[in-house]
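One structure is given below, encoded as structure tokens.
Counting from 1, the numbers follow the sequence of the chain as shown. Below, each value reflects all heavy atoms present in this structure, side chains not excepted, and no hydrogens, waters or symmetry copies.
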Amino acid sequence: MGEFELIDKYFKVAHHRKDVVLGPGDDCALLTLPPDTQLAVSTDTLVSGVHFLPEMDPVDLGYKALAVNLSDLAAMGAEPRWVSLALTLPAINESWVAGFAEGFLELAEYYNVALVGGDMTRGPLSITVSVKGSVPSGKALLRSGAKAGDGIYVTGTLGDAALALSHLLARRTLNENQLAAVLPRLDHPHPRILAGQALRGIANAALDLSDGLASDLGHVLRASGVRAQIDLDALPLSPVLQDAVSPEEAWQLALAGGDDYELLFTVPEEHRGVLDTALAHSGVKFTRIGRILAGEPGIEWLLADKPVSLTLKGWDHFA
């Protein structure tokens, strides 16, 4: 089976979105953007052995390849609409392609995202996904809006995906129940789409946590020109994480482990009261973990209200 036969068999699906004028099959897709909205676009490449283990189940990989990109749209408060997919395969493995397409298209259908184009070529295994969404004009959540006095919040729990990965890499050993609890956090992250949309007009700044809180929060601080104070006692850690490792290891996994794909956002005090109501229907818990301060960008870590020193660094491909 050749390139175009694979595409036709596994990726050519009927779409029902009225904003897709022309889908796959021509030189370009033709899409219609609703009035008074802006286009939000994010592109990520996942490389075998760097972003995922070569033996990862292709169904899980297809799901995750789309989920981590949708997480970027969630962080902007955008509504997902369309996606493009480029696959580079070392050889044709029809069962692998079938599994990947199953996981990818199942999540796309769940969020009503139309696959509108892409490419397939031969080479080392890698996946490039470009998602497109819309956000009301001027309402996108940016990294640059944090202000002194804002509370700092995160959705969900932190560190579970990094804990699962450390087991798969034989850096520590989890028991069967512990692994079953945290492995879905690594393989099946849930993009916080509804939470991101609910935060429009409430949060001053937001981003998704992909490389670790310490590193990702630094992006917000530099873009906004502010400092942060984080209470280590307030970090949302799952019971499994707390049971599996020491408090110091838990902080390392939660702050620098990466792969959480939760939202980090800052909210001014005057909006604190509406935050519960805004996120009530998003299906996700959230936790206040610190506050924004005036001053040079940097993070102050507190434990029992006393300053502590931590050496943390998130993922950097070229470090």
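- Asp119 places no side-chain N or O within 3.5 Å of a backbone atom of Ala86 that could act as its donor or acceptor partner.
- Asp44 has its side chain out of reach of Val129: every pair of non-hydrogen atoms, C-beta onward, lies at least 4.5 Å apart.
- Lys64 NZ to His188 NE2: the interatomic distance, rounded to the nearest 0.5 Å, is 10.0 Å.
- The side-chain contact (heavy atoms from CB on, under 4.5 Å) test with Trp82 singles out one residue from Leu115, Val131, Leu39, and that residue is Leu39.
- Leu293 and Leu303 fall into different hydrophobic clusters, where Ile, Leu, Val, Met, Phe, Trp and Tyr side chains are chained together by heavy-atom contacts under 4.5 Å.
- Judged by distance alone, the side chains of Lys132 and Ser84 do bring a donor and an acceptor atom under 3.5 Å apart.
- Inter-residue side-chain proximity for Lys147 and Pro268 is flagged as unmet; no heavy-atom pair is nearer than 4.5 Å.
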**Request:** Could you please spell out the steps behind the side-chain contact (heavy atoms from CB on, under 4.5 Å) verdict for Tyr111 and Leu66?
**Result:** CA-CA 11 Å; Tyr111 283 107; Leu66 179 54; over 6 Å; no

**Asp208 vs Asp216, side-chain contact (heavy atoms from CB on, under 4.5 Å): CA-CA, chis, key distance, verdict** = CA-CA 8 Å; Asp208 79 320; Asp216 290 329; over 6 Å; no

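- A heavy-atom distance below 4.5 Å is found between the side chains of Gln178 and Asp243.
- Atom CD of Glu176 sits in a sparse spot, with 12 or fewer heavy atoms from other residues, nucleotides or ligands closer than 6.0 Å.
- Here the side chain of Ser130 pairs no donor or acceptor atom with the backbone of Thr43 at under 3.5 angstrom.
- Side-chain N/O atoms of Thr157 and Arg185 include a donor and acceptor closer than 3.5 Å.
- A pairwise comparison of heavy atoms in Ala223 and Arg143 identifies CB-O, 3.8 Å as the closest pair.
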**Message:** I'd like to know whether Phe104 forms a side-chain contact (heavy atoms from CB on, under 4.5 Å) with Leu61, so could you lay out the CA-CA distance, the side-chain angles of the two residues, the decisive distance to 0.1 Å, and finally the verdict.
**Reply:** CA-CA 8 Å; Phe104 188 94; Leu61 181 56; over 6 Å; no

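- Once rounded to the nearest 0.5 Å, the distance linking CG of Leu264 with CG of Leu158 reads 8.5 Å.
- With no hydrogens or angles considered, no side-chain donor-acceptor pair links Ser282 and Arg192 at under 3.5 Å.
- Proximity of Leu31 to Asp19: side-chain heavy atoms (C-beta onward) are nowhere separated by under 4.5 Å.
- Between atom CZ of residue Phe52 and atom CD1 of residue Ile127 there is a gap of 4.0 Å, rounded to the nearest 0.5 Å.
- In this structure, Leu207 CG and His219 NE2 are separated by 7.0 Å, a value rounded to the nearest 0.5 Å.
- Atom CD of Gln242 is surrounded by more than 12 heavy atoms from other residues, nucleotides or ligands within 6.0 Å.
- Two residues are said to be in side-chain contact when any heavy atoms from C-beta on lie closer than 4.5 Å; Thr155 and Phe265 meet this criterion.
- A pairwise comparison of heavy atoms in Leu217 and Ala228 identifies CD2-CB, 3.9 Å as the closest pair.
- Val83 and Met76 are assigned to two separate hydrophobic clusters, defined by single-linkage of ILVMFWY side chains at heavy-atom distances under 4.5 Å.
- With Arg272 contributing its side chain and Val267 its backbone, the two residues share no donor-acceptor pair below 3.5 Å.
- Two different hydrophobic clusters hold Leu141 and Ile292 under the rule that ILVMFWY side chains link at heavy-atom gaps under 4.5 Å.
- Heavy atoms of other residues, nucleotides or ligands lying less than 6.0 angstrom from CZ of Arg122 number 12 at most.
- Between Phe11 and Leu87 the shortest side-chain heavy-atom distance falls below 4.5 Å.
- Checked by atom type and distance alone, the side chain of Arg291 never pairs as donor or acceptor with a backbone atom of Gly149 at under 3.5 Å.
- One finds the CG atom of Leu6 at 14.0 Å from the NZ atom of Lys12 (value rounded to the nearest 0.5 Å).
- Gln38 places a side-chain N or O within donor-acceptor distance of the main-chain N or O of Gly138, the cut-off being under 3.5 Å.
- For Glu5, the CD atom sits in a packed shell: over 12 heavy atoms of surrounding residues, nucleotides or ligands are nearer than 6.0 Å.
- Scanning all heavy atoms of the two residues, the minimum distance from Cys28 to Leu22 falls at O-CD2, 3.9 Å.
- Side-chain contact check for Tyr261 versus Val68: some heavy-atom pair is nearer than 4.5 Å.
- Shortest non-hydrogen contact noted between Gly225 and Pro297 is CA-CG, 4.3 Å.
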**Criterion side-chain hydrogen bond (donor to acceptor under 3.5 Å, both in side chains) on Thr128 and Thr45, from CA distance to verdict** = CA-CA 4 Å; Thr128 297; Thr45 296; 2.9 Å; yes

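- Under a hydrophobic-cluster definition in which Ile, Leu, Val, Met, Phe, Trp and Tyr are linked whenever side-chain heavy atoms come within less than 4.5 Å, directly or via other members, Leu253 and Leu237 are assigned to the same cluster.
- When atom types are taken as modelled, the side chain of Tyr63 and the backbone of Pro189 share a donor-acceptor pair closer than 3.5 angstrom.
- Residue Ala146 comes nearest to Val220 through the heavy atom pair CB-CG1, 3.9 Å, listed as atom of the first residue, atom of the second, then distance.
- Taking the charged nitrogens against the carboxylate oxygens, Glu269 and Arg288 do have a contact shorter than 4.0 Å, which makes a salt bridge.
- Residues Phe100 and Val113 share a single hydrophobic cluster, defined by chaining ILVMFWY side chains whose heavy atoms lie under 4.5 Å apart.
- When the options Asp260, Ile152, Ile289, Ile299 are evaluated for a side-chain contact (heavy atoms from CB on, under 4.5 Å) with Leu213, the one that passes is Ile289.
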**Message:** Using the rule given for side-chain contact (heavy atoms from CB on, under 4.5 Å), can you reason through Leu174 versus Leu163, listing the C-alpha separation, both sets of side-chain angles and the distance that settles it, and then say yes or no?
**Reply:** CA-CA 9 Å; Leu174 302 177; Leu163 178 63; 3.8 Å; yes

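- Looking only at side-chain heavy atoms (C-beta outward), Leu168 and Leu183 come within less than 4.5 Å of each other.
- Leu279 and Ala198 make their closest contact through CD2-CB, 3.8 Å (heavy atoms, listed as atom of the first residue, atom of the second, distance).
- When atom types are taken as modelled, the side chain of Gln197 and the backbone of Ala74 share no donor-acceptor pair closer than 3.5 angstrom.
- Under a 3.5 Å cut-off, the side chain of Gln229 and the backbone N or O of Leu302 do not form any donor-acceptor pair.
- Between the CG atom of Asn204 and the OG atom of Ser144 there is a distance of 10.0 Å, given to the nearest 0.5 Å.
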